[in-house]
Engineer: 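Take a look at the following structure, please.
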Amino acid sequence: ELKVEQNPLFLSMQEGKNYTIYCNYSTTSDRLYWYRQDPGKSLESLFVLLSNGAVKQEGRLMASLDTKARLSTLHITAAVHDLSATYFCAVSGGATNKLIFGTGTLLAVQP
Amino acid sequence: EPEVTQTPSHQVTQMGQEVILRCVPISNHLYFYWYRQILGQKVEFLVSFYNNEISEKSEIFDDQFSVERPDGSNFTLKIRSTKLEDSAMYFCASSVTGNTEAFFGQGTRLTVV
């Protein structure tokens, strides 16, 4: 059974600092996604990572994938308050394209 | 830009009542999904639907749940007799194929009282 673990669960950081969120998954998978969720809102797709060594960047966020280690990271550079949200990784599993989500990381960027 | 739309945005229902959550997937998409998120928790897969039948369901999706595509555009989730623990945000998603990214609707917040 595919399992996805994320850490940390909660991250409080100051503006301007860098940090990394980790996502481990238990079995091989075709694709890994990163989503952002604001309170009470839907899931906003940030990145889709398809292959080993894939790296994608958008603004202050950069995601990478190591399929051999079954690990993805979401790196935050010089955090700003607007990045405060919950971030989920999700891995596609099975023939039906269902997504298995990690536990989420609540990011709070303090001024 | 095409999007998945869900109605209602918020539904309050009494325990034991039936509810139907509605979704309009993106028009050329063939795969449809329901997920739920209990407040403060992770998003959980409920069911996937393709070619007018369920292709996979989770343990959560028991006999109280059913899905239907009653016409060419809507995709519904029915909960037959709601329980307090069914209170959650329910997300619909759709994808073009079984190997492409799924796009999520804005969710329906279900509150069972």
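We use all heavy atoms of the structure for the numbers below, so side chains are in, but hydrogens, waters and symmetry mates are not. Every chain is numbered from 1, with letters handed out A, B, ... down the list of sequences.
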Engineer: Going only through I, L, V, M, F, W and Y residues with side-chain contacts under 4.5 Å, is there a path from A/Val80 to A/Ile76?
Structural biologist: yes
Engineer: Check this for me: A/Tyr19, atom OH, are more than 12 non-hydrogen atoms of other residues, nucleotides or ligands nearer than 6.0 Å?
Structural biologist: no
Engineer: B/Tyr31 versus A/Asn97: any side-chain heavy-atom pair under 4.5 Å?
Structural biologist: no
Engineer: Tell me if the CD atom of A/Gln110 is crowded by more than 12 foreign heavy atoms within 6.0 Å.
Structural biologist: yes
Engineer: If Ile, Leu, Val, Met, Phe, Trp and Tyr residues are connected whenever their side-chain heavy atoms lie under 4.5 Å apart, and connections chain through other members, are B/Phe75 and B/Tyr35 in the same group?
Structural biologist: no
Engineer: Donor-acceptor pairs under 3.5 Å, side chain of residues 100-113 of chain B to any protein atom, not counting sequence neighbours: which ones?
Structural biologist:
{"residue": "B/Thr100", "atom": "OG1", "partner": "B/Val96", "partner atom": "N", "Å": "3.4"}
{"residue": "B/Thr100", "atom": "OG1", "partner": "B/Thr97", "partner atom": "N", "Å": "3.0"}
{"residue": "B/Thr100", "atom": "OG1", "partner": "B/Thr97", "partner atom": "O", "Å": "3.3"}
{"residue": "B/Thr100", "atom": "OG1", "partner": "B/Thr97", "partner atom": "OG1", "Å": "3.3"}
{"residue": "B/Glu101", "atom": "OE2", "partner": "A/Ser45", "partner atom": "OG", "Å": "2.6"}
{"residue": "B/Gln106", "atom": "OE1", "partner": "B/Gln6", "partner atom": "N", "Å": "3.2"}
{"residue": "B/Gln106", "atom": "NE2", "partner": "B/Gln6", "partner atom": "O", "Å": "2.9"}
{"residue": "B/Thr108", "atom": "OG1", "partner": "B/Pro8", "partner atom": "O", "Å": "2.5"}
{"residue": "B/Thr111", "atom": "OG1", "partner": "B/His10", "partner atom": "NE2", "Å": "3.1"}

Engineer: Is A/Leu106 reachable from A/Val109 through a run of hydrophobic residues whose side-chain heavy atoms are each under 4.5 Å from the next?
Structural biologist: no
Engineer: Side chain, backbone, both or neither: which part of A/Gln37 has an atom under 4.5 Å from a heavy atom of chain B?
Structural biologist: side chain
Engineer: Out of curiosity, does A/Phe47 fall in the hydrophobic cluster containing A/Ile100 (side-chain heavy atoms, cut-off under 4.5 Å, transitive links)?
Structural biologist: yes
Engineer: Report yes or no: does B/Tyr33 contribute a side-chain atom to a donor-acceptor pair with the main-chain N or O of A/Leu99 at less than 3.5 Å?
Structural biologist: no
Engineer: Looking only at heavy atoms, which of residues 78-92 of chain B get nearer than 4.5 Å to chain A?
Structural biologist: B/Met89, B/Phe91
Engineer: Considering non-hydrogen atoms only, spot the tightest contact between A/Phe88 and B/Lys42 and give its length.
Structural biologist: CE2-CA, 3.9 Å
Engineer: CG of A/Asn52: more than 12 outside heavy atoms within 6.0 angstrom?
Structural biologist: yes
